[in-house]
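Data block below; observations after.
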Amino acid sequence: MIELRTPAEIEAMRPAGRFVAEVLATLRDDTKVGTNLLTIDNRAHEMIRRAGAESCYIDYHPSFGASPFGKVICTSINDAVLHGLPHDYTLRDGDLVSLDFAVSVDGWVADSAVSFVVGTPRDEDLALIDTTQRALDAAIGAAVAGDRIGDISHAISQVARADGYSINTDFGGHGVGRVMHGDPHVPNDGKPNRGYPLRSGLVVALEPWFLQTTDELVTDPDGWTLRSVDGSRGAHAEHTVAITADGPIILTDRSFLGVD
Ligand code: MG
């Protein structure tokens, strides 16, 4: 079921969005060559506790999950791109890091992801991250009341294809509200002017992610971490966006912190 939020409810979602923005900005700043993934999770957990927020991940146990996630952030490294379960791994020079973080504050969820390189970046990794970010920008630009879900999907896939990446539609954007995953599904590929009409009050997480040379994933033995089938690297960008009569509001925008 698709739920629409009143302007007052969208205002009430802002603290969750701001908190998620602050945590991702802080973690990106703190994460360096030599940082352990379990340390990133511990820092995120500490910030959640201090803020009195609630993790959407720690008890998350969907049908495809082997057991509850047990951590508060997804850390996907290099050829891992989604649902990376933090484990005892120390980041090395040139590692491509994707952090995906969702919490509930005052009963409202916000969900956002960012990719970056620690240490010396490879050109192809920076290009992939840039394409993913521009696809998210295009998606947000298409999140306009009166248009349709397919317009957002098409905006994402156009950016990816122009840069030579293929698209996996198994995992994509989703409605966000009292819980992390709601309707509608927002695939990362689609046809313009098709699908559910975008209405004021619809709040969605938009999340393009691409792999360098494939669109196929395999699941790690941990039952969570999704990695490219060919070892090529992945990047992910996500914001929670409210569609309003005055245009899209990026609830998880980090620009107020002076970072992108
Ligand atoms: Mg997310």
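Numbering of ligands and ligand atoms starts at 1, following listing order. Position 1 is the first residue of the sequence; numbering continues from there.
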- request: Please confirm if an N, O or S atom belonging to Glu238, backbone or side chain, lies less than 2.8 Å from the Mg ion (ligand 1).
  value: yes
Shortest-distance N, O or S atom of Asp100 relative to the Mg ion (ligand 1): OD1
- request: Check Asp111 and report its N/O/S atom nearest to the Mg ion (ligand 1), by atom name.
  value: OD1
message: Hydrophobic clustering (ILVMFWY, side-chain heavy atoms < 4.5 Å, transitive) - are Val118 and Val23 grouped together?
response: yes
query: Is any NZ, NE, NH1 or NH2 atom of the basic residue among Arg18 and Asp253 found under 4.0 Å from an Asp or Glu carboxylate oxygen of the other?
result: no
query: Should we count CZ of Arg194 as having more than 12 external heavy atoms under 6.0 Å?
result: no
statement: Tested for side-chain hydrogen bond (donor to acceptor under 3.5 Å, both in side chains) against Tyr60, the lone hit among His181, Lys71, His83 is His181
